[in-house]
There are 4 protein chains.
Amino acid sequence: MPKIVNRDKKRSEIAQKAIALLAKKGFQATTIQDIADAAGLGKGTIYHYFKTKEEILLVVSEELFHETERSFGAALLLINEPMEKLSVLIAEALKVTEDLENLFVVYTELWLMNFRCNHYKDFMGVINRLHKDMTNLVARMIDQGKKQGLWSKDTDTDALSCYLVASFDGVIAHYMMDKENFDLKRVTKEFIRFLLQHEAPKK
Amino acid sequence: MPKIVNRDKKRSEIAQKAIALLAKKGFQATTIQDIADAAGLGKGTIYHYFKTKEEILLVVSEELFHETERSFGAALLLINEPMEKLSVLIAEALKVTEDLENLFVVYTELWLMNFRCNHYKDFMGVINRLHKDMTNLVARMIDQGKKQGLWSKDTDTDALSCYLVASFDGVIAHYMMDKENFDLKRVTKEFIRFLLQHEAPKK
Amino acid sequence: MPKIVNRDKKRSEIAQKAIALLAKKGFQATTIQDIADAAGLGKGTIYHYFKTKEEILLVVSEELFHETERSFGAALLLINEPMEKLSVLIAEALKVTEDLENLFVVYTELWLMNFRCNHYKDFMGVINRLHKDMTNLVARMIDQGKKQGLWSKDTDTDALSCYLVASFDGVIAHYMMDKENFDLKRVTKEFIRFLLQHEAPKK
Amino acid sequence: MPKIVNRDKKRSEIAQKAIALLAKKGFQATTIQDIADAAGLGKGTIYHYFKTKEEILLVVSEELFHETERSFGAALLLINEPMEKLSVLIAEALKVTEDLENLFVVYTELWLMNFRCNHYKDFMGVINRLHKDMTNLVARMIDQGKKQGLWSKDTDTDALSCYLVASFDGVIAHYMMDKENFDLKRVTKEFIRFLLQHEAPKK
DNA sequence: TATGAATGAGCTTTCATTCAT
DNA sequence: AATGAATGAAAGCTCATTCAT
């Protein structure tokens, strides 16, 4: 009998190893050979686990989703905490690590590919789910803040949470575009200050 | 002399026509033949105006810069107006047209390419200039707001303007990622409301 | 000893199951995986029975030979019957079944491969034996006809039997090339009528 | 301006050069590089003239058709001659040249490919046209023979002409399968003798 | 014996770039 | 200046075959 392999696990492993490559070189410029090399496998072996190169990206996008969800898992537990924890969430999330950078680059490329959906399959399912999850998380925080009277009642919760999640992406993107000059700490601080000032004035 | 002008004009024309293609298909998937067809020229002719395919992208990125600057030109005149005009600026800019969408997609790809600078030339110069210009524009508005006492004096002008410009990109990106569900109007409205609430409380 | 018998039996079984595949897809397009699947075995197992893919074809060609011989076995018994039985033989043989179709397609491909003998092993041995057997069968019938005075004495028995066997293949081939329009029954009838008119005129 | 090329002529030229290769190696085993080498062109250049490898075969099949028609052109002029010319036609056609051999091999492969039409495009159009043309030619000869009273009135012209054309293919195939032992001359002679004996007995 | 994971040679196809006209 | 024919490097993908289990 041949070596028994957990196909899904191996798929995930290969995908994991591919992330850094995809981030650094981009989907098109990353060759199957590159991925095989990174995984320590032969070129052909990759095709035992993935039908096409695109399928690798699909699994990568799922990894990206799970990883993001996982890293927000702790924050989800904070939902019962007071609204200020939102700022902690932001601050935590904006501590951009190398892994997160890679994921963010892949995420951006996925978006572009989706925009060109006439050429690529729909990777957007994953991204939309991600956005929805994050937006819900933020929305629940805002609602809680509203309930506690810490936040103006006439806030459009949905719109604001969309805005916050979007601006979050914008900040990471701009930081990554110009790491040397973009002072992530100060911007984060201002972002949070901005947010907290938003509270209903405690008259 | 006139030759050079014509040459540059033609370069610009070709680049202009290439933008939609680059947005729709991406840099790699857009062939020289595509660009030549769009420009109504022969494939070889393109090489009379551009040394390489990448050079076309370089000119495209400059077009992108000029076009963005141009569209903000009117807004720049508003600098002497009261701070609330910032909201007008945002609202105006977030009226995303098809041309702007294309530019935004190319802009995003340029960013990705820059991130992979080991493979591509530096397109970041243009983007950084663009960010600097926009950030300055916003910063001046905030400063003016501060001077007029409409804005809290302890605001970190630089950080906030960076944040605003970044969040601006984030909003466009998220809108484009899910046009059908992302309610740009409501988000814009909330964005502005958010911003205006930021004002120093008029005690 | 019994091992060898089993081995050969299994080889034959696998080859049998491969025939339809080979007919439908062709040798090159039929993968070892296809054959393994059809045989209900693992890919690696096939290599316990065959050294190479080509060897499978070799055994298939032997199966083809045996099957053809077998189907002509009954006819061989008719040799002592009067010459008109030749027409019965033809009529019977031209009742093309699906199995025979598959065999015929494989047979044709074997011929092509043999023609390209610089690339493939010699499958012709089998085919030549087959032709020789059939030609002999037909020749004996003609000779018998001659002896009985039913057939012109100056007939070139060898040449005519070669011709008849060859034309037999041609008819099947043309029928298979255009099943819908090629009226096999009428052609068979005319073939036989043609043959019988060939008899020495009964003066 | 670039070199002006007659695309169709070049396509035809490339196809012509490909015929011998296709005959000798088969479609699958013939690589684009082989064809390019034979045509004295670069591999990429082939793709200026053909979208796919299969398209080359398509043009080859058309060449095959035209060449066959051309070689029967002279015979077509003989239609007004007495029926015995049919035998001349057969004799002429069975003088198998190397070019004809190649064409015949390609023709056989085309047939196989068509039989596997789930995998390959329909090349049969060409072959069916060819058969129809040849069958008509033969049928007209038979009819003329009938009119001149040289041929039995109750002959099924269509079926017989189908049979003759098919047997013609069978003879060439068998000859090519065993050139050394298959005595084409004697078989041709017997084929013709056979045919002529078919005449209505001149009582 | 039976298996399928692993492999890499080899294929088709694409395309930026060159260059003769 | 303008063109498109020519090119070959490079990529994705297939599959016969090997081999550890």
Side-chain angles (χ1 to χ4, degrees), chain A residues 1-7 10 27-37 39-56, chain B residues 3 6-7 10 27-37 39-56, chain C residues 3 6-7 10 27-37 39-56, chain D residues 1-7 10 27-37 39-56:
Chain A
M1 301 258 191
K3 212 193 300 180
I4 284 159
V5 184
N6 182 333
R7 276 185 81 84
K10 193 117 187 187
F27 179 68
Q28 307 234 36
T30 302
T31 67
I32 293 288
Q33 188 64 67
D34 288 337
I35 292 169
D37 290 348
L41 293 169
K43 198 182 3 164
T45 311
I46 300 298
Y47 284 90
H48 272 282
Y49 295 99
F50 301 93
K51 256 175 95 76
T52 63
K53 191 182 167 187
E54 226 168 278
E55 208 180 75
I56 302 175
Chain B
K3 287 249 171 158
N6 282 340
R7 205 184 149 77
K10 196 117 184 185
F27 179 67
Q28 307 235 33
T30 302
T31 67
I32 293 287
Q33 187 67 66
D34 288 335
I35 292 169
D37 290 348
L41 293 170
K43 197 178 8 164
T45 311
I46 298 297
Y47 283 87
H48 279 283
Y49 295 100
F50 301 93
K51 245 178 104 73
T52 65
K53 191 183 168 188
E54 230 166 271
E55 207 179 76
I56 302 175
Chain C
K3 286 251 173 155
N6 282 340
R7 203 183 151 76
K10 195 116 186 187
F27 178 67
Q28 308 236 31
T30 301
T31 66
I32 293 287
Q33 187 67 67
D34 288 336
I35 293 168
D37 289 348
L41 293 170
K43 195 177 11 163
T45 311
I46 300 297
Y47 283 88
H48 280 283
Y49 295 100
F50 301 94
K51 244 178 104 71
T52 65
K53 191 182 168 187
E54 231 167 88
E55 208 180 76
I56 302 175
Chain D
M1 301 256 190
K3 214 193 299 179
I4 283 159
V5 184
N6 182 332
R7 276 186 81 85
K10 193 116 186 190
F27 179 67
Q28 307 234 36
T30 302
T31 67
I32 292 289
Q33 187 66 66
D34 289 337
I35 292 168
D37 290 348
L41 291 170
K43 200 182 355 163
T45 311
I46 299 299
Y47 284 90
H48 271 282
Y49 295 99
F50 301 93
K51 255 176 96 73
T52 64
K53 190 182 168 188
E54 226 167 278
E55 209 181 74
I56 301 174

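In the text below, chain A, chain B and the rest are named by the order of the sequence lines, each starting its count at 1.
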- [ ] Classify the nucleic acid contact of D:G42 as base, sugar-phosphate or nothing, counting any heavy atom under 4.0 Å across all strands shown.
- [x] sugar-phosphate

TODO: Please round to the nearest 0.5 Å and tell me the distance separating atom CG of C:D34 and atom NZ of C:K43.
DONE: 11.0 Å

- [ ] Take atom CD of D:Q33 and atom C1' of F:dT7, then tell me their distance rounded to the nearest Å.
- [x] 11 Å

Task: Nucleotide F:dC15, atom P - distance to CZ of C:F27 in whole Å - done: 13 Å

Task: Length of the CG-P vector between B:D34 and E:dC15, whole Å - done: 8 Å

TODO: With rounding to the nearest 0.5 Å, note down the distance linking CD1 in D:I56 to CD1 in D:I35.
DONE: 4.0 Å

- [ ] Report the residue (D:K43 or A:T45) whose heavy-atom-nearest nucleotide on DNA chain E is the more 5′ of the two.
- [x] A:T45

TODO: Identify the nucleotide, in any strand shown, that forms a Watson-Crick or G-U wobble pair with F:dA20, with both distances under 3.5 Å; if there is none, say none.
DONE: E:dT3

Task: C:T30 or D:L41, whichever maps to the more 5' nucleotide of DNA chain F - done: D:L41

Open item on the list: I need the C:T45 OG1 to C:K10 NZ distance, nearest 0.5 Å.
Closed with: 8.0 Å

Open item on the list: Do C:Y47 and C:I32 have side chains that approach each other closer than 4.5 Å (heavy atoms only, starting at C-beta)?
Closed with: yes

Open item on the list: Would you compute the distance between atom CG of C:N6 and atom OH of C:Y49 and round it to the nearest 0.5 angstrom?
Closed with: 8.0 Å

- [ ] Select base, sugar-phosphate, or nothing to describe what C:T31 touches, counting heavy atoms under 4.0 Å on all strands.
- [x] sugar-phosphate

Task: 5′-ward residue of the pair C:Y47/B:G44 relative to DNA chain E - done: C:Y47

Task: Euclidean distance, atom CD1 of residue C:I46 to atom C1' of E:dA2 [Å, nearest integer] - done: 11 Å

TODO: Round to the nearest Å and state the distance from D:N6 atom CG to F:dG4 atom C1'.
DONE: 15 Å

Task: Closest nucleotide among F:dA2, E:dA5, E:dT13 to the A:R7 side chain - done: E:dA5

Open item on the list: Taking the minimum atom-to-atom distance to the side chain of A:K53, which one of F:dG12, E:dT17, F:dA2 wins?
Closed with: F:dG12

Open item on the list: Expressed as a whole number of angstroms, how long is the span from D:D37:CG to F:dT7:C1'?
Closed with: 13 Å

TODO: Can you check whether any acceptor in the base of E:dA6 is under 3.5 Å from a donor in the side chain of A:H48, or vice versa?
DONE: yes

Task: Given F:dT7, E:dT13, F:dT17, the nucleotide with the shortest approach to the side chain of D:I32 - done: E:dT13

- [ ] Pick base, sugar-phosphate or nothing for C:Y49, based on heavy-atom distances below 4.0 Å to the nucleic acid.
- [x] sugar-phosphate

Task: Between P of E:dT12 and CD1 of D:I35, the distance in whole Å - done: 8 Å

TODO: May I have the distance from C:Q28 (atom CD) to F:dC15 (atom C1'), rounded to whole angstrom?
DONE: 11 Å

